[in-house]
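Being a predicted model, the structure only gives us computed values, none of them experimental. The figures that follow rest on heavy atoms only: side chains count, while hydrogens, waters and symmetry mates do not.
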Amino acid sequence: MLAITVIELVIGSMAPSYGWSGTLWLKCLFIGLTILKAGFIVMAFMHLGHETTFMKYVILLPYILFISYAIFIILDEGIYSG
């Protein structure tokens with residue numbers, strides 16, 4: 001998690017100087033890195049990594065659906081608000 005956070009900080013501090021601020025690929029990159037960190041937290045700290053596959057899907061599927069919908073709203077519908 002520390003490595004992912006450092007990568008996010010480095011990219012975030014470099015973004016304005018390279019003109020990357022507000023680009024779609026940068027937003028997708030940060031969303032992906034955040035989901036990767038969240039997955040690590042769930043697997044390691046909530047001990048979900050030791051559960052059966054069915055139990056993982058029962059617990060994670062509602063969150064995956066909600067996050068997918070939220071990402072759709074942010075990336076697709078969010079451009080109309082600006």
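Ile11 and Phe30 make their closest contact through CG2-CZ, 4.0 Å (heavy atoms, listed as atom of the first residue, atom of the second, distance). Between Ser21 and Pro16, the shortest heavy-atom distance links the atoms OG-CA, 3.5 Å. Looking at every heavy atom in both residues, Ala15 comes nearest to Leu26 through CB-CD2, 3.8 Å.
In the hydrophobic clustering of this structure, Ile7 groups with Tyr18; members are Ile, Leu, Val, Met, Phe, Trp, Tyr whose side-chain heavy atoms approach within less than 4.5 Å, directly or through other members. A chain of hydrophobic side-chain contacts below 4.5 Å, direct or via other Ile, Leu, Val, Met, Phe, Trp or Tyr residues, connects Trp20 to Val6. Cluster membership for Leu36 and Trp25, using ILVMFWY side-chain heavy atoms within less than 4.5 angstrom, is shared. Note on Ile64: it clusters hydrophobically with Met55, by side-chain heavy-atom contacts below 4.5 Å among ILVMFWY residues. Cluster annotation: Ile41 is not connected to Leu2 through the hydrophobic network of ILVMFWY side chains, with a link wherever side-chain heavy atoms come within less than 4.5 Å.
Annotation: side chain of Leu65 is not in contact with side chain of Tyr69 (no heavy-atom distance under 4.5 Å). Side chains of Leu29 and Glu8 form no contact here, defined as non-hydrogen atoms less than 4.5 Å apart. Side-chain contact between Phe40 and Ile4 is absent, with no heavy atoms from C-beta onward closer than 4.5 Å.
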task = Starting from the C-alpha separation in whole Å, work towards a yes-or-no answer on side chain to side chain contact (heavy atoms under 4.5 Å, CB included) for Ile35 and Ile71.
result = CA-CA 11 Å; Ile35 290 173; Ile71 290 171; 3.7 Å; yes

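In this structure, Met14 CE and Leu9 CG are separated by 12.5 Å, a value rounded to the nearest 0.5 Å.
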